J.: 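Pasting in a structure now, in structure tokens, and then I'll have a few things to ask.
Reckoned from all heavy atoms, side chains included, excluding hydrogens, waters and symmetry mates. Just so we're clear, the structure is a prediction, and the values are computed from it rather than from any experiment. First listed ligand is number 1; within each ligand, the first listed atom is number 1.
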Amino acid sequence: MKKLRIAVDGPSGAGKSELAKALARELGCIYVDTGALYRAVGLNAARLGLSKDDGAGIAASLEGLRVSIKRQEGEQRIFIGDEDVSGLIRTPDISAWASVVSALPQVRAFLGGLQRDAAARGNVIMDGRDIGTVIMPDADVKIFLTARAEVRAERRRKQDMDKGRTDVPPLEEYLREMQERDSRDSRREHAPAVAAADAAVLDNSDIDFEHTVEKALGIIRERTAGK
Ligand code: DC
């Protein structure tokens with residue numbers, strides 16, 4: 001079989017990265033988390049003290065910016081220049097920043113080449129919002145992983161509690177933030193987060209993780225049969 005390319009798209013909190021990592025392990029593919037790239041651009045803009053509505057300033061911040069993906073012990077690490085920022089991009093503030101910068105066509109163009117290079121190497125599972133529609137429109141398998149907003153908010157809150165955070169906000173706050181991001185990501189003009197016409201939609205609101213992996217493997221088997 002030729003080098004496999006799998007796109008996993010969907011809204012935040014659906015469990016894309018967890019699923020994509022498990023599939024990568026199972027299938028021997030490289031996992032690429034594209035959201036981390038938008039987060040790095042968002043972190044850089046935040047550090048520059050820009051305002052979220054300053055599109056021109058954010059576009060200008062790309063000048064000379066070097067964002068790259070490296071692999072260490074099989075794990076993806078994300079770099080700005082020579083600085084490993086992987087541990088700094090997972091905060092609620094940077095989530096909001098990533099969502100804002102990702103709406104700008106200049107940012108999408110800036111990060112597109114890097115993602116296309118990874119896609120061209122093959123044997124890859126990429127997760128994001130526009131992988132099946134824009135980055136790998138001819139992927140062998142496209143999965144759009146989703147779940148009801150309430151379920152996704154609850155999962156995110158539980159993840160934070162499991163991390164030992166003591167100041168975890170009430171569920172309503174998670175839900176409100178989730179709905180704001182969903183709306184910004186899916187309604188934006190450039191590369192909105194929607195399922196590709198030929199994607200298999202997998203809703204895991206009412207199934208557990210193991211079952212989600214099983215279903216995804218079923219979709220992959222079905223779509224790659226005879227290839
Ligand atoms: O998957 P994530 O939560 O790390 O993504 C962070 C933000 O980046 C999210 O608001 C949507 C955006 N994003 C995007 O527009 N396109 C991608 N391929 C990946 C993420």
J.: List in chain and number order the residues that pass side chain to side chain contact (heavy atoms under 4.5 Å, CB included) with Arg165, two or more places apart in sequence or in another chain; answer none if no residue qualifies.
T.: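 Applying side chain to side chain contact (heavy atoms under 4.5 Å, CB included) to Arg165 gives Pro92, Asp160, Asp167, Val168, Pro169, Tyr174.
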J.: State whether Arg148 and Asp206 are salt-bridged, where the test is any N-O pair (Lys NZ or Arg NE/NH1/NH2 against Asp/Glu carboxylate O) under 4.0 Å.
T.: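 Here Arg148 pairs with Asp206 in a salt bridge, since their nearest N and O are under 4.0 Å apart.
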J.: Based purely on interatomic distance, does Arg108 place a nitrogen or oxygen under 3.5 Å from a nitrogen or oxygen of ligand 1?
T.: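 Yes, there is a polar N/O contact under 3.5 Å.
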J.: Tell me the contacting part of Arg188 for ligand 1: side chain, backbone, both, or neither, using a 4.0 Å heavy-atom threshold, strictly below.
T.: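 The answer is the side chain.
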J.: Within ligand 1, which atoms have a heavy atom of Ser99 less than 4.0 Å away?
T.: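 In order of number, 10 (O).
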J.: Looking only at heavy atoms, what is the nearest atom pair of Ala119 and Arg5, with distance?
T.: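 Result for this residue pair: O-CD, 3.1 Å.
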J.: Among all the protein's non-hydrogen atoms, which is closest to atom 19 (C) of ligand 1, and how far away is it?
T.: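 Result: Thr34 OG1, 3.4 Å.
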J.: In the protein, which heavy atom is nearest to atom 8 (O) of ligand 1, and how far is it?
T.: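 Heavy-atom neighbour on the protein nearest atom 8 (O) of ligand 1: Tyr38 CB, 3.6 Å.
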J.: For the pair Asp130 (side chain) and Thr133 (backbone), establish whether a donor and an acceptor sit closer than 3.5 Å, ignoring hydrogens and angles.
T.: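 The answer is no, because no donor-acceptor pair under 3.5 Å joins these two groups.
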J.: For ligand 1, which is the ligand I care about here, please tell me if Asp185 has any N or O atom under 3.5 Å from one of the ligand's N or O atoms.
T.: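 The answer is yes, given that Asp185 and ligand 1 share an N or O pair closer than 3.5 Å.
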J.: With atoms numbered from 1 as shown, which atoms in ligand 1 lie under 4.0 angstrom from a non-hydrogen atom of Ser102?
T.: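 Within the 4.0 Å cut-off of Ser102, ligand 1 contributes 12 (C), 15 (O).
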J.: Does Gln115 use its side chain to pair, donor to acceptor, with the backbone of Leu111 at less than 3.5 Å?
T.: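 Checking the backbone N and O of Leu111 against the side chain of Gln115, a donor-acceptor pair under 3.5 Å is found.
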J.: Check whether any N or O atom of Gln115, backbone or side chain, sits under 3.5 Å from an N or O atom of ligand 1, and answer yes or no.
T.: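 No.
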J.: Do the side chain of Arg108 and the main chain of Ser102 share a donor and acceptor less than 3.5 angstrom apart?
T.: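 A pair under 3.5 Å: yes.
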J.: Tell me the protein heavy atom at minimum distance from atom 1 (O) of ligand 1, and give that distance in Å.
T.: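 For atom 1 (O) of ligand 1, the nearest protein heavy atom is Arg129 NH1, 2.9 Å.
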J.: In the protein, which heavy atom is nearest to atom 7 (C) of ligand 1, and how far is it?
T.: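 Answer, as residue, atom name and distance: Ala98 CB, 3.6 Å.
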J.: Can you see which heavy atom on Pro11 is nearest to which on Asp182, and at what distance?
T.: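 Reported closest heavy-atom pair: CB-OD1, 3.8 Å.
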J.: Looking at atom 4 (O) of ligand 1, what's its closest protein heavy atom, distance included?
T.: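 Of the protein heavy atoms, Arg39 NE, 2.7 Å lies nearest.
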J.: Do ligand 1 and Arg181 have nitrogen or oxygen atoms that lie under 3.5 Å from each other?
T.: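 Between Arg181 and ligand 1 (N or O atoms, distance only) the closest approach is under 3.5 Å.
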J.: Scan side-chain atoms only and decide if Ser51 and Asp53 contain a donor-acceptor pair under the 3.5 Å cut-off.
T.: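 Their side chains do contain a donor-acceptor pair, which is all the 3.5 Å distance test asks for.
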